[in-house]
Amino acid sequence: MDGTLPLRPAMTVADLVSDGLAPAAEAPLLERVAQDFRLRLTPQMKMASLGSEGVARQFVPTREELVERPEDMADPIGDDTHAPVPGLTHRYPDRVILHVTKTCEVYCRFCFRRETVGDTGHLPADQLEAALAYIASTPAIREVILTGGDPLVLSARRIADLVGRLAAIGHVDLVRLHTRVPVVAPDRINASLVEALRQHPSVWVVVHTNHADEMTPEAAAALSRLADAGVPLLSQTVLLRGVNDSADTLEALFRALLRLRVKPYYLHHCDLARGAGHFRTTIAAGQAIMAALRGRMSGTALPTYVLDIPGGYGKVPIGPTYLAQQDGAWQVTDPNGRLHRYEDPARG
């Protein structure tokens, strides 16, 4: 035994109603939603949801999920398009995504992998062996990203074994884990798990969080345990309408993360997942928010605003544009919206 906590059971619509998270009158519609994408909330996020609409909207289903839009896609970022073997996505030359599990501690209502995430079980042993063999035989791969599902639902023993095997592949410089666990299930970040993450000299953890109200005292303590152990911490956030689509809300989140030694890394434009259209903003709205944040926060606090091009063509920065060509020079907009002329140096 490695001391890792068992996964909490999935919730039902009746649980949501009895806990005061959903109105009884909506139960029949929510049952239809739950048939398509299961429900799970940790005790920490249940309590946070009761006190924060910005948290509840992420995890509590609504009838809006039954609305499908023409642009919705089953695989919006093209995982399957770049899968050389099952469980592995090789989209960029120097890094791969290893889908070690389909299970999460919470199920986000906007999840771009909602067509596959939510199943039980880990990547089968034969598929894991094939994925590791592919990584070992491809020297261009320098970074392995563990995702799923959520890799930190695995036991500390499994994580230590997997990270150790990746560390033994000479050309793998970095192992990165993308997870919600330190925030939504902070009790999982125990001594055994922290030790497992120290098996490789270059393990980074990227924490998914979208609202400052998720930063409970327990979450802060879990992130501190990782930081104190020398695990570098980044964050990724999804821009979500009705959750964090204002400069004030994102500023509060990013400042909270910096206080906890977590560097804001990515702000994702919401993907075209089926049934998640009510969460999506326009790109122009996101650019305006990032421009406002640039004017009031340091670069340390600012993530890169990115779009994952539908179909599997990769991420691109889509932040606000500060340069425009005019009369043979550049017109530059400063953080306060003022315009300045800049001429490139002449080149011989």
Side-chain angles (χ1 to χ4, degrees), residues 5-69 72 74 76 102-120 148-150 153 179-188 208-219 237-246 249-250 252-253 268 270-281:
L5 299 173
L7 193 68
R8 297 162 178 88
M11 295 187 72
T12 65
V13 171
D15 294 331
L16 294 175
V17 172
S18 65
D19 289 336
L21 290 169
E26 290 287 295
L29 285 173
L30 299 185
E31 291 286 2
R32 289 173 54 193
V33 174
Q35 288 174 6
D36 194 45
F37 186 50
R38 68 186 61 190
L39 317 175
R40 178 172 283 132
L41 266 176
T42 59
Q44 293 86 356
M45 289 302 99
K46 184 193 300 184
M47 290 300 298
S49 295
L50 288 168
S52 170
E53 183 180 355
V55 178
R57 189 165 167 81
Q58 298 179 56
F59 305 122
V60 178
T62 67
R63 63 168 62 202
E64 294 170 296
E65 291 180 56
L66 297 172
V67 177
E68 293 192 30
R69 302 174 185 237
D72 289 354
K102 294 182 179 180
T103 304
C104 294
E105 274 281 13
V106 293
Y107 290 125
C108 305
R109 308 319 301 175
F110 51 87
C111 180
F112 65 86
R113 291 195 177 112
R114 62 186 297 158
E115 306 291 338
T116 56
V117 165
D119 293 339
T120 56
D150 193 316
V153 304
T179 179
R180 260 209 185 266
V181 162
V183 171
V184 304
D187 43 351
R188 280 190 173 271
H208 177 180
T209 182
N210 299 312
H211 197 283
D213 289 345
E214 296 173 51
M215 297 291 113
T216 63
E218 294 82 7
T237 294
V238 182
L239 181 62
L240 300 168
R241 188 158 63 92
V243 173
N244 59 16
D245 56 331
S246 75
T249 305
L250 287 177
L253 172 63
H268 294 272
C270 189
D271 294 303
L272 301 178
R274 184 170 58 89
H278 55 290
F279 284 110
R280 291 194 284 269
T281 68

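Positions are given from 1 along the sequence.
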Hey, is Arg180 close enough to Glu105 for a salt bridge, meaning N to O under 4.0 Å? no
The single option from Asp72, Asp271, Asp245 passing salt bridge (Lys or Arg N to Asp or Glu O under 4.0 Å) against Arg280: Asp72
Testing Val106, Asp15, Asp19 for side-chain contact (heavy atoms from CB on, under 4.5 Å) with Lys46, which one passes? Asp19
Would you say the side chain of Pro61 lies within less than 4.5 Å of the side chain of Leu16, judging by non-hydrogen atoms? yes
Counting N and O atoms only, with roles assigned by atom type, does the side chain of Asn244 sit under 3.5 Å from a partner on the main chain of Val238, one being a donor and the other an acceptor? yes
Could you pull out all residues at least two apart from His211 that satisfy ring-ring contact (aromatic ring centres under 6.0 Å, His included)? none
Tightest non-hydrogen contact, residues Gln58 and Gly54, listed as NE2-O, 3.0 Å
Under 3.5 Å, side chain of Ser52 to main-chain N/O of Ala48, donor-acceptor pair present? no
Rounded to the nearest 0.5 Å, the CE atom of Met45 sits from the OG1 atom of Thr216 at a distance of 5.5 Å
Nearest heavy atoms of Leu39 and Tyr107, plus distance in Å: C-CD1, 3.9 Å
Roughly how far, to the nearest 0.5 Å, is the CG atom of Asn210 from the OG1 atom of Thr249? 11.5 Å
Show every donor-acceptor pair shorter than 3.5 Å between a side-chain atom in residues 23-36 and any protein atom, with sequence neighbours excluded, or say none if there are none.
unit_1 : atom_1 : unit_2 : atom_2 : d
Glu26  : OE1    : Arg63  : NE     : 3.1
Glu26  : OE2    : Arg63  : NH2    : 2.7
Asp36  : OD1    : Arg274 : NH2    : 3.2
Asp36  : OD2    : Arg274 : NH1    : 3.1
Asp36  : OD2    : Arg274 : NH2    : 3.1

Say whether, by atom type as modelled, one donor and one acceptor occur between the side chain of Arg40 and the main chain of Cys104 under 3.5 angstrom. yes
Verdict with reasoning, Thr281 to Cys270, per side-chain contact (heavy atoms from CB on, under 4.5 Å): CA-CA 7 Å; Thr281 68; Cys270 189; over 6 Å; no
Below 4.5 Å, heavy atoms only, C-beta onward: do Met11 and Arg38 meet side chain to side chain? no
Okay, side chain of Thr42, backbone of Ala185: is any donor-acceptor separation there less than 3.5 Å? no
In the structure I gave you, are the side-chain heavy atoms of Arg109 and Phe37 within less than 4.5 Å of one another anywhere? yes
Hey, does the side chain of Arg57 reach the backbone of Arg241 with a donor-acceptor pair shorter than 3.5 angstrom? yes
Evaluation steps, side-chain hydrogen bond (donor to acceptor under 3.5 Å, both in side chains), between Glu214 and Thr209: CA-CA 7 Å; Glu214 296 173 51; Thr209 182; 3.2 Å; yes
Shortest non-hydrogen contact from Phe110 toward Ala276: CA-CB, 4.0 Å
What's the shortest heavy-atom distance between Cys111 and Ala273, and which atoms? O-CB, 3.5 Å
